[in-house]
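Reading through the structure tokens given below for one structure.
One-based numbering, in listed order, for ligands and for the atoms of each. Only this structure's heavy atoms are used, side chains among them; waters, hydrogens and symmetry mates stay out. The first residue in the sequence is number 1, and the count goes up from there.
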Amino acid sequence: MDQNMQVPFSSFLPMERKLGAQLQEAFSRVLKRSWYITGPEVTAFEEAFAAYCQVPCCVGCGNGLDALMLILKALGISEGDEVIVPSNTYIATALAVTYVGAKPVFVEPDIRTFNLSGKGLEEAITERTRVIMPVHLYGQPCDMDPIMEIAQKHHLLVVEDCAQAHGATYHGQKVGTFGIAAGFSFYPGKNLGALGDAGAAVTKDPELAAKIRALGNYGSDYKYHHIYLGNNSRLDEMQAAFLGVKLPYLDEMNEARREIAARYLSEMHNPQVILPFVQEGVTPVWHIFGVRCKNRDALETWLNRRGITTNKHYPIPMHLQKCYEDLGFCRGDFPVAEEISDTELSLPMYYGMTDEEIGKVVEAVNSFS
Ligand SMILES: *Cc1c(COP(=O)(O)O)cnc(C)c1O
């Protein structure tokens, strides 16, 4: 093995090599048409992505955060309402709640799956609770059966954050189809990524879709008629065209991630390193391959010194972020989220990773002591 070989955390190069010509073609097509906002590329991609997700409606948005925020806004969630989010997620999940004026209520995830599981949910429900927002973090579907059961029992809506889980399934059903609506991000590094910022909301409810669309288009359902105080958050033609090129390859690219994960899971044997747990009946899409290690920082240094780039998702839990100071939390309030923040290390994972690169990561993790 080449000792000097560098293994990046992620790389777009293999994808660009495979799809570069088609992306160039899409660029030329949009440029030639000179139609950049709300045109045929967006419509075509929305239809294709809805079909992929097995839902009737998809509304393109400017990014994943806006998709979640516009869904909550369209559902009428506002000041005085509470929305349950996991204590361990990317900050966008909670920010979407804050931006509509509601209060994010953190519930601890299952330490094995890093996800909400139903445990601890009922204790967090008050008469102000309106929505449960499960996040299929790292591309691992949440245990949706207990979550849906609790939501139904308490008459709560479920809005899924699918920003890391395009194409993942739970008992054969695609994520994004369990709740009333779901938000997706097409940030470049996501499993389905644009060449810039982009996102989408999907839903079974055409009326809700129309409201989300209007809210993201200056509250307008008809040109210069503004029925809501809206935002400007539209998917643009260029990004929609790029996404249209990449969508047909999503399953293949997710499969490539599953093959990398399968090798990591079968070949890594280090008693100090806790490998990700995959719940029965789910098909994850491995947005992130996150291991846990008591000596996480030493493991990180060990891997980085061997030319392997790693990451942490996420180094500071939301309740300890400066921007959420006013929620009044301190260290010790969410021990599971804190434990994950203190011990999680994300290993290289991307479409086109070579066998040699995978082998190098395996070897480096196994030789850490
Ligand atoms: C990326 C991400 C978002 C936000 O998506 P953007 O497109 O970056 O706004 C929301 N939730 C989670 C869990 C994410 O990973």
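Scanning A67, A194, A92 for the heavy atom closest to atom 4 (C) of ligand 1 points to A92.
L229 approaches L215 most closely through the heavy-atom pair O-CD2, 4.2 Å. Heavy atoms only, all atoms of each residue included: E344 and F114 are closest at CG-CE2, 4.3 Å.
The environment of Q24 atom CD is sparse: at most 12 non-hydrogen atoms of other residues, nucleotides or ligands sit within 6.0 angstrom. No more than 12 heavy atoms of other residues, nucleotides or ligands shown are found within 6.0 angstrom of OH on Y187.
The nearest heavy-atom contact from the protein to atom 8 (O) of ligand 1 is S185 OG, 4.0 Å. What sits closest to atom 2 (C) of ligand 1 on the protein, heavy atoms only, is K190 NZ, 2.6 Å. At the top of the distance list for atom 15 (O) of ligand 1, counting protein heavy atoms only, stands Q164 NE2, 2.8 Å.
Taking every non-hydrogen atom of V135 and a distance limit under 4.0 Å, the qualifying atoms of ligand 1 come out as 13 (C). Using a 4.0 Å cut-off to heavy atoms of A163, the atoms of ligand 1 that qualify are 2 (C), 3 (C), 10 (C), 11 (N), 12 (C), 14 (C), 15 (O). Near L65, meaning under 4.0 Å from any of its heavy atoms, are these atoms of ligand 1: 4 (C), 5 (O), 6 (P), 9 (O). Atoms of ligand 1 lying under 4.0 Å from any heavy atom of N63, numbered from 1 in the order shown and given with element: 7 (O), 9 (O). Atoms of ligand 1 found under 4.0 Å from any heavy atom of T89, numbered from 1 in the order shown, are 13 (C).
Checked against the 6.0 Å centroid criterion, the rings of F186 and F45 qualify as a close aromatic pair.
Put simply, F334 and M318 are part of the same group of oily side chains (I, L, V, M, F, W, Y) that touch within less than 4.5 Å, one to the next.
Close N/O approach between Y90 and ligand 1 is not found [any backbone or side-chain N/O within under 3.5 Å]. Taking any N or O of D161, backbone or side chain, at least one lies under 3.5 Å from an N or O belonging to ligand 1. Looking at ligand 1, you won't find any N or O of D197 less than 3.5 Å from one of its N or O atoms. Geometrically, ligand 1 and G64 share a nitrogen or oxygen pair separated by less than 3.5 Å.
For the side chain to side chain contact (heavy atoms under 4.5 Å, CB included) test with L243, the passing option among L235, V42, L195 is L235; the others fail.
Taking the six-membered ring for Trp and thresholds of 30 and 60 degrees, F368 and W302 have ring planes more than 60 degrees apart, a perpendicular arrangement.
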| task | Evaluate salt bridge (Lys or Arg N to Asp or Glu O under 4.0 Å) for R306 paired with E363, printing each intermediate quantity in order. | result | CA-CA 10 Å; R306 279 157 185 74; E363 198 276 322; 5.8 Å; no
